[in-house]
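Presented below is the structure to which this report refers.
Letters go in sequence order (proteins before strands), and every chain restarts at 1. Remember, predicted model here, so these are calculated numbers, not experimental data.
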2 protein chains.
Amino acid sequence: MSTRERQVPATGSGRRAELLALAARLFAERGFVVTTVRDIAEAAGILSGSLYHHFDSKESMADEILRGFLDELFGTYADIVKADLGPRRTLEAVVVASFESIHRRPHEVAIYQNEAKHLSQLDRFAYIAERNVEFRDLWKTILAEGVAEGAFRADLDVELVYRFVRDTVWVAVRWYNPDGALSADDVAEQYLGILLDGIATRRRPMKKARPTH
Amino acid sequence: MSTRERQVPATGSGRRAELLALAARLFAERGFVVTTVRDIAEAAGILSGSLYHHFDSKESMADEILRGFLDELFGTYADIVKADLGPRRTLEAVVVASFESIHRRPHEVAIYQNEAKHLSQLDRFAYIAERNVEFRDLWKTILAEGVAEGAFRADLDVELVYRFVRDTVWVAVRWYNPDGALSADDVAEQYLGILLDGIATRRRPMKKARPTH
DNA sequence: GTCTATATCTCGATAGAC
DNA sequence: GTCTATCGAGATATAGAC
């Protein structure tokens, strides 16, 4: 494979990557359905027909964007698991890595969050459902191991905690500003502070507030 | 105003409410943009043109659905605030009321979560942004008062905790099943267990895990 | 209150010139 | 690699018959 003709990754250089980056921004800001190929072409300073020299279809663009992002993200997760840090520090590392992915690839995360439900119904996007399962297994393993070795409270509903953590981490893409004062690590630290003081072994000693009657 | 001709609320009886309920379900499941007026008409067993006897436009249907829902929801919030329960129990009550709204009006909550960003850009949906501000003020007041009187940790970033709570509560509409084994109160209780053990005054005594170096 | 029929618009995608 | 020109599908919405 020559240097010129090699497959260019979504984050690489060149015209193709440039167009994908523009499409990703529009898909994230306006939504995949609302964004027209004319919008993407206009953002690139060309006409809609010209886009089809680079891509088969609008779907292909979303496909390439999501594949590249998910491969990268789950590669990072695999590295963390491989490091074998134990439940608590693995949880911290996965949360930090997730917030950092929001920092580095906000558009891709937004597309993953907002469009995956619809796109995954198409055959070509079947890998989205597979990644969701993979992500769920990752989290439930961390939580279950943490409970087993006493790092997390024994009375946790692991399935429910998994959903809370997943949702809270990813939904932050709606308000997180990569150029703002709060860094991804700042947000991750504050988030872990809230989460862990609830999940960690020792129970809160305060009696639960009850209506007086 | 006669009984026959009075304005029928979105949750009332009659053909109009029936059509709105069908539209709400489709808007929630497929999204507002993807759902066609033909889809709504077909679900009602009529043809698309007939829908325009009841409603001006597809937008009008979403408008009526969202207005009715938000009026109801914020009426409930106002009642809670008026009861003056103190920060901690007010927080609990608002969380419970929110999960109960997901239970009773899952489609409306889903529309509010998924479509508000786009719809609120239109003039007729300006009230969505106003409600968002109202909701933010409600939460930040609860949190700030709780910090002031020692019910919540003094080192909280109130803005960030507000976002955390807001997102986690509403995003549950993505997976919560009104017909499932977990009731809204069950979910609220478990969620409050996680949240409060992190927010409540006393700090977790465990030392924070640190990389060994 | 619903149907028939259709006007009008915009979309994704294609073919061929340059 | 981009433009010109356009096709065909499907969308919202309308007007008038029943």
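In summary, the side chains of A/Ser183 and A/Asp186 do present a donor paired with an acceptor at a separation below 3.5 Å, with no hydrogens or angles considered. No hydrogens or angles considered: nothing links the side chains of A/Tyr127 and A/Arg131 as a donor-acceptor pair under 3.5 Å.
Taken residue by residue, residues 46-63 of chain B places heavy atoms nearer than 4.0 Å to DNA chain C at B/Ile46, B/Leu47, B/Ser50, B/His53, B/His54.
Judged by closest nucleotide on DNA chain C, B/Gly45 is the one of B/Gly45 and B/Arg38 placed further toward the 5' end.
Atom CD of B/Glu42 is separated from atom P of C/dT2 by 15 Å (rounded to the nearest Å). Per the geometry, CG belonging to A/Leu26 stands 16 Å off C1' belonging to C/dC11, to the nearest Å.
Sequence neighbours left out, the pairs with a member in residues 74-87 of chain B that pass side chain to side chain donor-acceptor pair (under 3.5 Å) are B/Tyr77-B/Ser98.
In this model, no side-chain donor or acceptor of B/Arg15 finds a partner on the base of C/dG1 within 3.5 Å.
Annotation: side chain of B/Val95 is in contact with side chain of B/Leu192 (closest heavy-atom distance under 4.5 Å).
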Discussion item. I'd like to know whether A/Arg163 forms a salt bridge (Lys or Arg N to Asp or Glu O under 4.0 Å) with A/Asp157, so could you lay out the CA-CA distance, the side-chain angles of the two residues, the decisive distance to 0.1 Å, and finally the verdict.
Written reply: CA-CA 10 Å; A/Arg163 289 177 189 159; A/Asp157 180 332; over 6 Å; no

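Note: B/Trp170 and B/Tyr112 have perpendicular aromatic rings, judged against thresholds of 30 and 60 degrees for the angle between ring planes.
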